[in-house]
Each structure stands twice: as structure tokens, then as C-alpha cells.
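Presented below is the structure to which this report refers.
Model, not experiment: these values are computed from the prediction. In what follows, chains carry the letters A, B, and so on, assigned in the order in which the sequence lines appear, proteins first and then strands, with residues in each chain numbered from 1.
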There are 2 protein chains.
Amino acid sequence: MAQRAASKRPLVTAPPAFPKPGHNHARCAADALAKAEAVCTARGTRLTDIRRQVLATVWQSHVPVGAYEILAQLNSGGGTPRSHKSRALTARGGRHAPMAVYRALEFLMGNGLVHRLASLNAYIGCAHRGEDPHAAQFLICRRCGITAELKSAALNRALNQAVTERGFTIDSQLVEIGGICPHCRPKP
Amino acid sequence: MAQRAASKRPLVTAPPAFPKPGHNHARCAADALAKAEAVCTARGTRLTDIRRQVLATVWQSHVPVGAYEILAQLNSGGGTPRSHKSRALTARGGRHAPMAVYRALEFLMGNGLVHRLASLNAYIGCAHRGEDPHAAQFLICRRCGITAELKSAALNRALNQAVTERGFTIDSQLVEIGGICPHCRPKP
DNA sequence: TGGTATAATGTTATATTATAACATATTCAA
DNA sequence: TTGAATATGTTATAATATAACATTATACCA
């Protein structure tokens with residue numbers, strides 16, 4: 001595959017490519033968990049059991065997961081989810097109630113380790129873990145579900161300009177793009 | 001129209017300013033309703049009673065409204081909402097069930113007359129009514145709640161580039177910016 | 001004009017996502 | 001070791017949204 005030389009190469013602007021289908025995901029997950037430990041230690045916050053479990057669940061793949069799906073996995077022993085019905089009856093036999101998950105997610109989001117996807121009501125591990133809570137943009141493949149976190153300076157610039165031009169002061173942003181990822185797109 | 005202003009002046013790109021606090025809103029609403037009639041006639045779709053009522057409710061202000069708030073207003077006679085409790089018991093005395101509202105909203109969104117704000121679970125009248133369903137960006141003031149629809153070519157360009165650069169094909173986009181609007185911002 | 005297909009609405013029930021409020025337990029540090 | 005702060009347990013419920021099937025209205029056309 002000969003590449004066009006210097007001329008037309010886009011600058012090194014597309015760094016964290018879309019996660020490939022066959023990549024070593026165990027490593028993604030392990031890295032994320034390790035990084036999270038470090039972040040929490042550094043910040044003096046505590047990555048407790050539940051929080052770690054929730055984080056691990058979120059990192060099972062690059063597909064966002066719902067809070068109740070996380071709950072089901074927690075309550076089924078961490079392996080594969082048993083059923084969606086283990087909802088209210090967390091009492092004796094079961095384990096956790098929804099609150100446990102939501103609280104863990106809140107903590108993880110507050111520490112920049114997880115993001116929420118408003119368009120899906122689902123959660124995903126932060127690809128820039130280790131940084132403070134930050135604005136993020138997401139590319140969501142509607143075929144495979146895999147979601148990549150985007151960090152485009154150009155996009156942020158455009159966004160800031162478009163907005164401040166109108167006298168608006170940004171607090172928070174939510175950018176979620178749906179479509180087809182490079183690996184699901186039919187090859188030419 | 002297309003002008004290459006010589007100097008550094010930002011082009012005249014901020015057309016539909018943030019709705020002003022004291023503007024003639026009755027007119028916004030009336031216009032929107034009229035436009036909606038026209039759009040539906042043109043498309044051969046029907047702007048029925050409920051749909052019109054829902055649209056009118058959405059256009060009561062520039063602040064997004066929740067589905068159940070719309071429902072409450074419908075069920076209280078179109079005036080001010082009576083209570084949030086008129087939920088399930090739409091049977092005899094009441095009027096509409098949630099489905100009615102959601103169906104109307106679905107129709108209105110399908111016809112490009114209303115948008116949904118995922119970050120608020122709320123709905124707002126489309127400022128570009130008359131156009132086909134379209135991608136939109138929103139500025140949401142966290143103080144007054146007023147939300148403006150943004151249409152920035154530059155932003156769209158940046159967004160498309162950042163995304164296609166990564167081999168992604170866009171289907172849908174969701175851009176919601178939270179912050180302080182020009183009218184709520186403390187003057188210098 | 002009447003019949004019929006389509007579209008719209010009614011109605012009931014329930015799914016899904018998220019939070020409130022208060023009780024108990026754990027941790028850390030003085 | 002005690003007490004404040006933090007974390008979790010527990011119960012209940014809020015808020016948002018959809019499924020499924022029955023009924024009614026509308027439009028079209030033979």
C-alpha cells in the first residue's frame with residue numbers, strides 16, 4: 001500500500017483511532033483499571049470494590065452499557081449477566097440495588113474515568129483516563145455499537161468560536177455523533 | 001451573502017440571535033404555528049388537534065418542556081398546568097394519556113417542527129421550521145433556561161472534517177452546549 | 001354513496017432510567 | 001477510641017418512555 005508522500009498526508013491529527021475489532025481488549029481494560037487506581041491514589045479518593053467492579057464492567061468493551069445492565073452483571077457475580085429481572089429484589093439473595101451502581105458511576109464520572117452518553121442513557125470508560133473531568137465528543141457506531149472518544153482541537157475551536165460569537169459562555173458541552181465506524185463501513 | 005471580508009472581522013455569521021427577554025413572543029408562537037400548518041399542508045400530513053396543541057405548548061416559550069409537562073397542560077385545559085399527578089388516571093374525567101403526547105411529539109419531530117434535547121429530556125420548537133428534519137445544535141442557558149438553535153456552517157464543517165478524518169460516516173448528530181446566554185451574563 | 005384501507009387516537013399496562021431519604025457500616029485521623 | 005467524614009445498604013418512588021391492542025376518524029375510490 002504505497003502512500004502518498006509528504007504532500008497530502010493529513011497532519012497527525014487523528015491519533016486515537018477507532019478501536020479495531022480484534023484488538024487486545026484485555027489490555028485496554030487492564031490499563032484503564034490500573035490508571036484508575038493511580039488517579040484515585042493521586043487524588044486521595046478511594047476506588048472501592050463496587051467502584052472498581054463498575055469500572056471493570058464499563059470497560060468490558062467499547063460499547064456503552066446501561067446502568068441496569070451493569071447492575072445485572074454485578075448481581076450475577078461479575079461474569080455474564082443472568083437476567084434482567086434481578087431488579088427490585090436485591091433484598092436477601094441478591095446483591096446490590098440500583099443506587100449502588102448510580103453512586104459508583106457518579107464517582108467515576110466525577111473523577112474523569114467514565115462518561116455518560118445522553119443519547120443512549122449509557123456509560124462508557126473514558127479513553128483519556130487520568131485527566132480531570134473534561135468535555136468530550138463521541139462517535140457512536142450504530143452497527144457495532146462501539147463508541148470512540150474524540151478529541152479534536154479543531155472541533156473544539158470551531159465550537160468555541162461559533163458559540164462565543166453569539167455572546168454565549170460555555171459551561172458544558174455534549175457532542176454525540178451517530179454513524180458508521182470505519183470497521184463497519186463496507187469496503188470499496 | 002458569501003463575502004470574503006478582507007480583515008479579521010468575524011463575518012456576519014451570528015444571524016438568529018439569542019431570543020431576547022422582552023421580545024414579542026406571541027408572534028414567535030403564532031408564526032411557528034402558521035408555518036407548521038403550511039408545512040403539513042405541503043407535505044400532505046395532518047396537523048391534528050392534539051398535534052397542534054402540543055406544538056403550541058412547546059412554543060409557549062423558548063424554554064424546553066418535558067413530555068409530562070406538556071401532558072399536564074393539555075389535561076388542564078390548555079392554560080396553566082394543574083398538577084403533575086394527573087398521570088395514569090386519564091380514564092373518565094381526565095383527558096389524554098402520555099402516549100398521546102409522545103405520539104404527537106414523534107410526528108412533530110418527524111416533520112422537523114420540534115427537536116428533542118437529550119441532555120434535558122425535553123422538547124423545543126424548531127427555529128428553522130419549514131425545513132426537513134435536520135441536524136441541529138443547541139445553546140442552553142442554565143440560568144434562564146432559554147435555548148437557542150444554532151446553525152453554524154463553520155461548526156458543521158469542523159465537525160464533518162474531524163469525523164470523516166477518522167473514517168467515520170455521520171448519520172446523526174447531537175450537539176448541546178450548556179452555559180450562560182448573553183442576556184443572563186453580568187454586563188461588564 | 002357507501003365501503004374499505006389507512007391514519008390517528010384511546011386505553012391499559014408496563015418498561016426503563018434515575019433519585020430521595022434515611023439507616024448502617026467503614027475508614028481515617030486526631 | 002471516638003468522632004467526623006465517607007461509603008454503602010435499603011426501601012420507596014419519581015420521571016421518562018414504549019408496547020400492544022381497541023376504537024374512531026379520514027380519505028379515497030369504485
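Inter-residue side-chain proximity for A/Cys28 and A/His23 is flagged as met; some heavy-atom pair is nearer than 4.5 Å. The side-chain heavy atoms of B/Val63 and B/Thr147, taken from C-beta on, include no pair separated by under 4.5 Å.
Heavy atoms of other residues, nucleotides or ligands lying less than 6.0 angstrom from CZ of A/Arg185 number more than 12. By the 6.0 Å contact criterion, CD on A/Glu37 is enclosed, its count of non-hydrogen atoms from other residues, nucleotides or ligands being greater than 12.
As rounded to whole Å, 10 Å separates atom P of C/dT19 from atom CG of A/Asn121. As a whole-Å value, the separation of B/Asp49 CG from C/dG10 C1' is 15 Å. Straight-line distance from the CD1 atom of A/Ile50 to the P atom of D/dT6: 18 Å, rounded to whole Å. A straight line from OH of B/Tyr102 to P of C/dT14 spans 18 Å, rounded to a whole angstrom. Protein atom CG of B/Leu74 is 13 Å distant from nucleotide atom C1' of C/dT9, rounded to whole Å. As a whole-Å value, the separation of B/Arg46 CZ from D/dT24 P is 17 Å. Atom CG in A/Leu120 sits about 16 Å away from atom C1' in C/dA18, given to the nearest Å. Taking atom CZ of A/Arg51 as the reference point, atom P of C/dT27 lies 12 Å away to the nearest angstrom.
A close approach under 4.0 Å does occur between a side-chain nitrogen or oxygen of A/His96 and OP1 or OP2 of D/dG9. The shortest distance between the side-chain N/O atoms of B/Arg103 and the OP1/OP2 oxygens of C/dG10 is not below 4.0 Å.
Contact of B/Tyr68 with D/dA17 (side chain to base): a donor-acceptor pair of N or O atoms is detected under 3.5 Å.
Closest approach to the B/Ala97 side chain among C/dT11, D/dT8, D/dG9 is made by C/dT11 (side chain taken as heavy atoms from C-beta onward).
Between A/Met99 and A/Phe107, the residue anchored nearer the 5' end of DNA chain D, judged by the nucleotide with its closest heavy atom, is A/Phe107.
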